[in-house]
Trainee: 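Pasting in a structure now, in structure tokens, and then I'll have a few things to ask.
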Amino acid sequence: MAAARGLSLTATALRAVIPWQRGRLSASCPGLQTRWEASSSSPEASEGQIHLTDSCVRRLLEITEGSEFLRLEVEGGGCSGFQYKFSLDTVVNPDDRVFEQGGARVVVDSDSLAFVKGAQVDFSQELIRSSFQVLNNPQAEQGCSCGSSFSVKL
């Protein structure tokens, strides 16, 4: 079934077995509800945002079930110094920021957010691969040709 939905075995293995209900979590965690909606009403608010492209939203709605969301992390490594890591997850940690658009959610931890704030998350489908990727990252000085790693502006 995972192959039919376009998921890799790794993404399938990341699914948690405990169902999560949005209302229960937001009721038990005061202040979380304000973090759910990604608002761009002020310039300061949009600086720390992650923007989702329409293709990203469509693909996330196709592959996620119930409480799943896309987690974006930045790790050291890659040919340019830092690399993007995407995975499906169901657990929102206290230091996470949740960005939601059209029912699709992307979650970024506070450390990673410093490296991707203001960027776009896109889903690209090409002849030889399809993947989520970060586009227009204002924190990145340069990146590798495949787009999976970058160096930060100093």
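Because only heavy atoms are used, hydrogens play no part in the values below, and waters and symmetry mates are left out as well, while side chains stay in.
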Trainee: Do the side chains of Y84 and L72 get nearer than 4.5 Å, heavy atoms only?
Mentor: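 SC-SC contact between L72 and Y84 confirmed.
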Trainee: Rounded to the nearest 0.5 Å, how far apart are CD of Q133 and SG of C56?
Mentor: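 SG of C56 is found 10.0 Å from CD of Q133.
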Trainee: Is the shortest heavy-atom distance from the side chain of V121 to the side chain of F99 under 4.5 Å?
Mentor: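 A side-chain contact is absent here, since even the closest heavy-atom pair is not under 4.5 Å.
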Trainee: Determine the minimum heavy-atom distance between G118 and H51, stating which atoms define it.
Mentor: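 Residues G118 and H51, closest heavy atoms: O-CD2, 3.8 Å.
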Trainee: Check the hydrophobic clustering (I, L, V, M, F, W, Y; side-chain heavy atoms under 4.5 Å; chains of links allowed) and say if L61 and F86 are grouped together.
Mentor: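 Yes.
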Trainee: Decide yes or no on side-chain contact (heavy atoms from CB on, under 4.5 Å) for V106 and L60, but give the supporting numbers first.
Mentor: CA-CA 9 Å; V106 174; L60 282 173; 3.9 Å; yes
Trainee: Would you say N137's side chain and F115's backbone share a donor-acceptor pair under 3.5 angstrom?
Mentor: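 Side chain of N137 to backbone of F115, a donor-acceptor pair under 3.5 Å: yes, one is there.
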Trainee: Write down the atom of F123, the atom of S55, and the distance for their closest heavy-atom approach.
Mentor: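 Looks like O-OG, 3.0 Å.
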Trainee: Quick one: does any side-chain atom of R97 pair with a main-chain N or O of Q49 as donor and acceptor, under 3.5 Å?
Mentor: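 Here the side-chain-to-backbone pair does not exist.
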Trainee: Quick one: does T64's side chain get under 4.5 Å of L88's, heavy atoms only?
Mentor: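 Heavy-atom side-chain distance check passes, below 4.5 Å.
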Trainee: Might you point out which heavy atoms bring P138 and A119 nearest each other, and give the distance in Å?
Mentor: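 Between these two residues, the closest heavy atoms are CD-N, 3.7 Å.
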Trainee: Mind listing the closest non-hydrogen atom pair of V108 and I50 along with its distance?
Mentor: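 Reported closest heavy-atom pair: CG2-CG1, 4.0 Å.
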Trainee: So which atom in D109 and which in R71 form the shortest heavy-atom distance, rounded to 0.1 Å?
Mentor: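 Looks like N-NH1, 4.4 Å.
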Trainee: Is there a donor-acceptor pair closer than 3.5 Å between any side-chain N or O of S112 and the backbone N or O of E73?
Mentor: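 Not a single qualifying donor-acceptor pair exists.
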Trainee: Under a 3.5 Å distance rule, please check whether N93 uses its side chain to pair with a backbone N or O of D95 as donor and acceptor.
Mentor: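 No; zero donor-acceptor contacts below 3.5 Å.
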Trainee: Given the rule in the side-chain contact (heavy atoms from CB on, under 4.5 Å) test, do F132 and D122 qualify, once you have shown the distances and angles that lead to the verdict?
Mentor: CA-CA 6 Å; F132 289 99; D122 185 37; over 6 Å; no
Trainee: Would a distance-only check, ignoring hydrogens and angles, find a side-chain to backbone donor-acceptor pair under 3.5 Å from R129 to S124?
Mentor: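 Looks like no, no N/O pair under 3.5 Å.
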Trainee: To the closest 0.5 Å, what do you measure between CD (Q101) and CG (D54)?
Mentor: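 The CD atom of Q101 sits 6.5 Å away from the CG atom of D54.
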